[in-house]
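All values derive from a computational prediction rather than experimental measurement. Counting starts at 1 for both ligands and their atoms, in listed order.
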Amino acid sequence: MKSKRILVTGGAGFLGSHLCERLVRGGHDVICLDNYFTGRKKNVEHLMDFHNFELMRHDITFPIFVEVDQVYNLACPASPVHYQHNAVKTIKTSVMGAINVLGLAKRVKARVLQASTSEIYGDPTQHPQQETYWGNVNPIGFRSCYDEGKRVAETLFFDYHRMNDVDIRIMRIFNTYGPRMHPDDGRVVSNFIVQALKNNDITVYGDGSQTRSFCYVDDLIEGMIRLMNKDGFNGPVNVGNPGEFTIKELAEKVIELVGSSSMVIYKPLPSDDPRQRRPDITLAKEKLDWQPEIKLEQGLRKTIKYFKDNLD
Ligand code: NAD
Ligand code: UDP
């Protein structure tokens with residue numbers, strides 16, 4: 001592929017750092033933009049010596065002007081603990097961030113990909129979730145700053161596309177895990193692994209019968225790059241692993257793989273916590289020739305190794 005100038009917002013975060021790495025190694029000129037709210041310079045420090053990698057401290061709620069061919073818009077805290085920490089800032093990041101990257105894409109005629117989410121579907125009444133489903137989202141709850149912010153962002157992407165012919169891509173990402181997740185971000189995979197490694201209690205919220213479908217980061221990034229470079233297809237498209245597990249099953253699997261003496265304890269279920277979630281990936285298979293390769297156990301082993309090597 002010809003070398004491109006690429007902006008990655010949220011590039012120092014978990015997914016962003018893996019994306020930057022793939023793009024830099026692919027020979028592209030990469031600008032990693034981040035305000036370091038949940039991201040860390042450490043996530044990209046191994047890229048600093050590459051001449052085709054640049055780091056830019058910037059808050060995406062403010063306009064930006066750079067000459068680029070592609071924009072991946074990942075800037076937004078993703079874990080419920082982090083995005084609820086400052087709910088107003090979260091929704092501003094999704095909405096004003098979308099306006100700013102779309103304005104940029106319009107001016108410089110760049111293609112722009114939005115990292116959207118399965119939260120678009122809320123607590124889904126359709127299972128598995130297809131892209132045609134409009135969702136079941138509480139507009140005034142604790143998760144709304146994230147869910148509704150991401151929904152407005154999708155609306156803005158399609159409006160800029162229809163009104164200004166901006167070349168958009170929308171990817172609905174389902175729960176993704178792997179190395180460089182923040183150990184304190186409160187997401188279930190990182191929480192369970194850190195707890196298991198420290199032989200602390202494993203905190204299952206509710207009775208643990210709610211389900212999620214977990215995608216390993218390398219599979220996800222492959223899908224993201226394919227979507228960006230696919231001509232004539234805007235999405236939205238689900239990208240995730242259809243393997244569905246209860247949270248209790250995940251807890252047991254992590255304890256087994258770590259060889260931990262942790263016990264499972266039960267805590268109250270947070271409000272509006274979706275009961276079930278599994279992507280229908282028929283569209284991704286058809287349009288992107290993409291499907292995940294890495295099974296949960298294999299991905300968990302790699303992630304456990306990362307946390308083992310990096311925990312103080
Ligand atoms: P993350 O929190 O590790 O990364 C988000 C990055 O955005 C961080 O580096 C953070 O510092 C940066 N950021 C936040 N607000 C910003 C702002 N105002 N200006 C500039 N940078 C800002 O989370 P992640 O898991 O890497 O998620 C990346 C994107 O993918 C997010 O948009 C998220 O909503 C989306 N997503 C992730 C998942 C998942 O399971 N990981 C699922 C669905 C959607
Ligand atoms: N969860 C849990 N224990 C934890 C963290 C999360 O049981 O220590 C549950 C949470 O209630 C939810 C699921 O795991 O049902 C996934 O949570 P996460 O925050 O990772 O993502 P999301 O809810 O956004 O899918």
Side-chain angles (χ1 to χ4, degrees), residues 8-20 32-41 43-44 56-62 64 72-84 86 89-90 92-94 96-98 100-101 113-120 123 143 146-147 149-150 153 171-178 180-182 185-195 201-217 220-221 224 238-241 245-248 250-251 254 264-277 279:
V8 179
T9 78
F14 160 50
L15 295 181
S17 64
H18 287 272
L19 176 63
C20 286
C32 166
L33 176 158
D34 210 294
N35 71 347
Y36 307 115
F37 174 48
T38 54
R40 296 170 291 177
K41 282 190 191 160
N43 286 341
V44 286
M56 181 192 287
R57 182 189 288 268
H58 182 79
D59 185 325
I60 201 59
T61 60
F62 295 96
I64 171 139
Y72 288 87
N73 187 35
L74 274 63
C76 183
S79 99
V81 173
H82 285 152
Y83 70 64
Q84 288 168 23
N86 185 341
K89 178 73 188 194
T90 298
K92 272 188 176 173
T93 296
S94 275
M96 295 165 71
N100 289 329
V101 295
L113 180 148
Q114 168 67 359
S116 191
T117 167
S118 51
E119 294 284 331
I120 291 291
D123 189 8
R143 295 176 83 101
Y146 183 76
D147 300 10
K150 290 283 187 178
M171 174 172 177
R172 292 187 180 153
I173 302 171
F174 283 64
N175 297 66
T176 301
Y177 69 99
R180 299 197 205 122
M181 290 184 90
H182 200 295
D185 79 0
R187 285 188 266 194
V188 69
V189 174
S190 43
N191 261 13
F192 285 2
I193 292 178
V194 171
Q195 289 165 343
D201 290 338
I202 305 275
T203 54
V204 168
Y205 302 157
D207 63 4
S209 63
Q210 71 273 33
T211 68
R212 294 292 187 275
S213 304
F214 300 101
C215 186
Y216 187 67
V217 59
L220 195 283
I221 297 300
M224 191 179 276
N238 292 336
V239 179
N241 191 320
F245 298 86
T246 66
I247 294 306
K248 192 156 176 283
L250 178 73
V254 169
V264 172
I265 60 161
Y266 293 88
K267 295 219 164 170
L269 191 67
S271 62
D272 297 331
D273 198 283
R275 289 286 322 150
Q276 53 182 1
R277 185 180 288 155

What's the shortest distance from [atom] to any protein heavy atom, and which residue and atom give it?
{"atom": "atom 44 (C) of ligand 1", "result": "Ser116 O, 3.4 Å"}
{"atom": "atom 42 (C) of ligand 1", "result": "Ile173 CG2, 3.5 Å"}
{"atom": "atom 3 (O) of ligand 1", "result": "Phe14 N, 2.9 Å"}
{"atom": "atom 37 (C) of ligand 1", "result": "Leu15 CD1, 3.7 Å"}
{"atom": "atom 17 (C) of ligand 1", "result": "Asn35 ND2, 3.3 Å"}
{"atom": "atom 33 (C) of ligand 1", "result": "Tyr146 OH, 3.5 Å"}
{"atom": "atom 40 (O) of ligand 1", "result": "Thr176 N, 2.8 Å"}
{"atom": "atom 31 (C) of ligand 1", "result": "Leu74 O, 3.2 Å"}

Please compare [options] and report which has the shortest non-hydrogen distance to [atom].
{"atom": "atom 10 (C) of ligand 1", "options": "Val217, Thr38, Leu19", "value": "Thr38"}
{"atom": "atom 32 (O) of ligand 1", "options": "Lys150, Met181, Arg180, Met224", "value": "Lys150"}
{"atom": "atom 41 (N) of ligand 1", "options": "His182, Arg212, Arg187", "value": "Arg187"}
{"atom": "atom 18 (N) of ligand 1", "options": "Asp59, Asn43, Val44", "value": "Asp59"}
{"atom": "atom 5 (C) of ligand 1", "options": "Pro77, Cys76, Ser79, Ala115", "value": "Cys76"}

Residue among Lys150, Arg277, Arg172 satisfying salt bridge (Lys or Arg N to Asp or Glu O under 4.0 Å) with Glu119: Arg277
What are the atoms of ligand 1, with element, lying closer than 4.0 Å to any heavy atom of [X]?
{"X": "Gly10", "result": "6 (C), 7 (O), 9 (O), 12 (C)"}
{"X": "Ala75", "result": "7 (O), 20 (C), 21 (N), 22 (C)"}
{"X": "Gly39", "result": "8 (C), 9 (O), 10 (C), 11 (O)"}
{"X": "Ala78", "result": "2 (O), 23 (O), 24 (P), 25 (O), 27 (O), 33 (C)"}
{"X": "Ile60", "result": "17 (C), 18 (N), 19 (N), 20 (C)"}
{"X": "His58", "result": "19 (N), 20 (C)"}
{"X": "Gly13", "result": "3 (O), 4 (O), 8 (C), 9 (O)"}
{"X": "Asn175", "result": "40 (O)"}

Answer whether the closest heavy-atom distance between the side chains of [X] and [Y] falls below 4.5 Å.
{"X": "Met181", "Y": "Val217", "value": "no"}
{"X": "Leu220", "Y": "Val239", "value": "yes"}
{"X": "Gln195", "Y": "Thr203", "value": "yes"}
{"X": "Met224", "Y": "Leu113", "value": "yes"}
{"X": "Tyr146", "Y": "Pro80", "value": "no"}
{"X": "Ile173", "Y": "Thr117", "value": "no"}
{"X": "Tyr266", "Y": "Lys248", "value": "yes"}
{"X": "Arg212", "Y": "Pro274", "value": "yes"}

State whether the shortest distance between N or O atoms of [X] and N or O atoms of ligand 1 falls below 3.5 angstrom.
{"X": "Ser118", "answer": "no"}
{"X": "Asp34", "answer": "yes"}
{"X": "Asn73", "answer": "no"}
{"X": "Lys89", "answer": "no"}

Side-chain donor or acceptor of [X] paired with backbone N/O of [Y] under 3.5 Å:
{"X": "Asn35", "Y": "Ile60", "result": "no"}
{"X": "Thr38", "Y": "Pro77", "result": "no"}
{"X": "Thr9", "Y": "Leu74", "result": "yes"}
{"X": "Asn175", "Y": "Phe214", "result": "no"}
{"X": "Asn43", "Y": "Ala12", "result": "yes"}
{"X": "Ser79", "Y": "Gly186", "result": "no"}

Test ring pair (Phe, Tyr, Trp, His ring centres under 6.0 Å), reference Tyr177, set Phe192, Phe14, Tyr216, Phe245, output is Tyr216
Say whether Ser17 and ligand 1 are in contact under the criterion: heavy-atom distance to a ligand atom below 4.0 Å. no
What do you reckon, does His82 put a non-hydrogen atom under 4.0 Å from ligand 1? no
Inspect the contact between Asp59 and Lys89 and indicate whether a charged nitrogen and a carboxylate oxygen are less than 4.0 angstrom apart. yes
Could you pull out every N or O of ligand 2 that sits under 3.5 Å from a protein N or O, with the distance for each pair?
unit_1   : atom_1 : unit_2 : atom_2 : d
ligand 2 : 3 (N)  : Thr203 : O      : 2.6
ligand 2 : 7 (O)  : Tyr205 : N      : 2.8
ligand 2 : 8 (O)  : Asn191 : ND2    : 2.8
ligand 2 : 8 (O)  : Thr203 : O      : 3.2
ligand 2 : 8 (O)  : Thr203 : OG1    : 3.0
ligand 2 : 8 (O)  : Tyr205 : OH     : 3.4
ligand 2 : 11 (O) : Asp273 : OD2    : 2.6
ligand 2 : 15 (O) : Gln210 : NE2    : 3.0
ligand 2 : 15 (O) : Arg212 : NH2    : 3.4
ligand 2 : 15 (O) : Asp273 : OD1    : 2.6
ligand 2 : 15 (O) : Asp273 : OD2    : 3.3
ligand 2 : 20 (O) : Val188 : N      : 2.8
ligand 2 : 23 (O) : Arg143 : NH2    : 3.0
ligand 2 : 23 (O) : Arg212 : NH2    : 3.1
ligand 2 : 24 (O) : Glu119 : OE2    : 3.4
ligand 2 : 24 (O) : Arg143 : NH2    : 2.9
ligand 2 : 25 (O) : Asn175 : ND2    : 2.9
ligand 2 : 25 (O) : Arg212 : NE     : 2.7
ligand 2 : 25 (O) : Arg277 : NH1    : 2.7

Tell me the closest heavy-atom pair linking Gln210 and Leu269, and the distance in Å. NE2-CD1, 3.5 Å
Which heavy atom of Val204 sits nearest to which heavy atom of Gly208, and what is that distance? CG1-CA, 3.4 Å
